[in-house]
Amino acid sequence: MNAEQLTQQAWDAYGRHHLRAGTELPDADRIRWALSNVGPGTEVLGPVTGKRVLDLGSGTGRHAAHLARDHGALVDAVDGSPSQHQRAVSAYGHLPGLRFHLADALEHLDSAESYDVIYAVNNLPFMPPREALTAVADALHPGGLFAFSVLHTTSDQRAPSTSVTARPETLRLRGGEDLTVHMYVLTPQLWEDLAVEAGLRVDQVITIDSPDDSNHASYRLLVTHRS
Ligand SMILES: C[S@@+](CC[C@H](N)C(=O)[O-])C[C@H]1O[C@@H](n2cnc3c(N)ncnc32)[C@H](O)[C@@H]1O
């Protein structure tokens, strides 16, 4: 089993843990690009009413539900973990304008019709970056928007890498065992270079730091368009 498959298994264990615990999450009223409530929100995507939108690695489906329910977007949401998919469908499967797909993100991108907008909140780092960015660019209409947030610095101050290699990171389960995921934690310059190589124009790179001074976690939000 390769690193991506092991990571997908860890996410499935994460989802099963929350299904067993009956974890309930409040509905989202904005996109949170990092784990905190600071930084820009849904407006980054521009107007999405009536547009074909893809949430890549949609997890519990909260952001996809927000876009369909509060903005009238036509949303496809794809996640590769059966348990995360189950959480999303049971919470939001009834919403009009929203379809959940249980599939690997890259396979979905290869087979789906083109999108106006694609976004990925904290999950591009779990996929091989060159393949993922190329598949995203190919799945966008010309001029379409792709926004994605990525981990930059961990809470214990581990810095990003200047080479395209995945490294192990810990996924903490409240009341359960820690899980290991493999992540591409790359410098913003490297993400930019990879995006441009894939055929995307990078418009903005936004820093989102934790609002808690004792937490060093920092994210970057990249806003791009298909050239
Ligand atoms: C950090 S969670 C983010 C969930 C969601 N975007 C959010 O903000 O709530 C990462 C999600 O990405 C999914 N994922 C990771 N690699 C994937 C892949 N190759 N294809 C599809 N989903 C994937 C995991 O199953 C997990 O649900």
Side-chain angles (χ1 to χ4, degrees), residues 1-19 23-42 44-45 53-68 75-92 98-112 117-136 139 146-152 154-155 166 168-174 179-185 208 217 219 221-222:
M1 202 174 280
N2 64 29
E4 278 90 39
Q5 289 164 327
L6 287 169
T7 295
Q8 201 52 65
Q9 267 196 355
W11 277 113
D12 201 42
Y14 174 90
R16 286 198 307 274
H17 171 83
H18 285 289
L19 284 171
T23 309
E24 284 192 21
L25 295 172
D27 290 344
D29 58 7
R30 53 163 284 187
I31 295 184
R32 288 174 178 216
W33 295 100
L35 296 181
S36 60
N37 213 12
V38 296
T42 313
V44 165
L45 302 182
V53 176
L54 174 65
D55 182 330
L56 207 57
S58 47
T60 59
R62 296 168 68 208
H63 291 130
H66 158 62
L67 291 181
V75 188
D76 282 342
V78 61
D79 201 285
S81 148
S83 57
Q84 293 282 78
H85 175 75
Q86 190 182 330
R87 293 175 78 194
V89 170
S90 57
Y92 302 113
L98 175 55
R99 290 186 303 190
F100 287 107
H101 305 265
L102 172 58
D104 176 75
L106 300 193
E107 285 173 16
H108 179 85
L109 285 165
D110 280 347
S111 59
V117 172
I118 301 178
Y119 68 98
V121 180
N122 290 328
N123 42 48
L124 216 68
F126 302 114
M127 306 171 199
R130 283 197 174 85
E131 289 88 330
L133 288 163
T134 302
V136 165
F146 175 52
F148 64 106
S149 55
V150 292
L151 179 64
H152 176 276
T154 60
S155 51
E169 291 287 344
T170 301
L171 182 59
R172 299 210 180 282
L173 280 185
R174 206 176 301 152
L179 299 166
T180 300
V181 288
H182 289 84
M183 286 184 82
Y184 293 86
V185 185
I208 310 177
Y219 290 79
L221 166 61
L222 286 92

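When a ligand or atom number is given, it counts from 1 through the structure's own listing order. What you see is a predicted model, and the numbers here were worked out from it, not measured in a lab. Side chains are part of it too, since the values below use all heavy atoms of this structure and drop only hydrogens, waters and symmetry mates.
Within 6.0 Å of the CZ atom in Arg99, the count of heavy atoms belonging to other residues, nucleotides or ligands does not exceed 12.
Using modelled atom types, no side-chain atom of Trp33 and backbone atom of Phe148 make a donor-acceptor pair closer than 3.5 Å. Looking only at distances, a side-chain donor or acceptor of Ser149 sits under 3.5 Å from a matching main-chain atom of Asn122. In this structure, the side chain of Asn123 engages the main chain of Leu56 through a donor-acceptor pair within 3.5 Å. Side chain of Arg87 to main chain of Leu19: no donor-acceptor pair is present (N/O by atom type, distance under 3.5 Å, no hydrogens or angles). Looking only at distances, a side-chain donor or acceptor of Thr42 sits under 3.5 Å from a matching main-chain atom of Ile31.
Looking only at heavy atoms of the protein, atom 19 (N) of ligand 1 is closest to Asp104 OD1, 3.0 Å. Looking only at protein heavy atoms, the nearest one to atom 21 (C) of ligand 1 is Gly80 N, 3.1 Å.
Taking 4.0 Å as the cut-off, Gln8 counts as a neighbour of ligand 1 on heavy-atom distance. Heavy-atom distances between Val78 and ligand 1 stay at or above 4.0 Å for every pair.
Atoms of ligand 1 found under 4.0 Å from any heavy atom of Trp11, numbered from 1 in the order shown, are 1 (C), 2 (S), 10 (C), 24 (C), 25 (O), 26 (C). Ligand-side atoms of ligand 1 in range of Ser58: 5 (C), range being under 4.0 angstrom from any heavy atom. The distance from ligand 1 to the heavy atoms of His63 drops below 4.0 Å at these ligand atoms: 7 (C), 8 (O). Residue contact check: Asn123 has heavy atoms under 4.0 Å from atoms 3 (C), 6 (N), 10 (C), 12 (O) of ligand 1. Of all atoms in ligand 1, listed by their number and element, those nearer than 4.0 Å to a heavy atom of Gly59 are 4 (C), 27 (O). Using a 4.0 Å cut-off to heavy atoms of Asn122, the atoms of ligand 1 that qualify are 1 (C).
Of the polar atoms of Asp79, at least one N or O is found under 3.5 Å from an N or O of ligand 1, judged by distance alone. Taking any N or O of Gly57, backbone or side chain, at least one lies under 3.5 Å from an N or O belonging to ligand 1. On a distance-only criterion, Gln84 and ligand 1 share at least one N/O pair closer than 3.5 Å. Of the polar atoms of Ala105, at least one N or O is found under 3.5 Å from an N or O of ligand 1, judged by distance alone.
Proximity of Arg32 to ligand 1, defined as any heavy-atom pair under 4.0 Å, is not found for any part of the residue. Residue Ala103 touches ligand 1 through its backbone alone, judged by heavy-atom distances below 4.0 Å. For Val121, heavy-atom contacts with ligand 1 shorter than 4.0 Å involve the backbone as well as the side chain.
Using the six-membered ring where Trp is involved, His101 and His108 have ring planes that are tilted, between 30° and 60° apart.
Residues Tyr184 and Val150 fail the side-chain proximity criterion, which asks for heavy atoms closer than 4.5 Å. Looking only at side-chain heavy atoms (C-beta outward), Leu102 and Pro82 come within less than 4.5 Å of each other.
Closest approach of Val44 and Ala147 over heavy atoms only: CG1-CB, 4.1 Å.
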Assess whether side-chain contact (heavy atoms from CB on, under 4.5 Å) is satisfied between Gln8 and Asp79, documenting all intermediate values. CA-CA 10 Å; Gln8 201 52 65; Asp79 201 285; 4.2 Å; yes

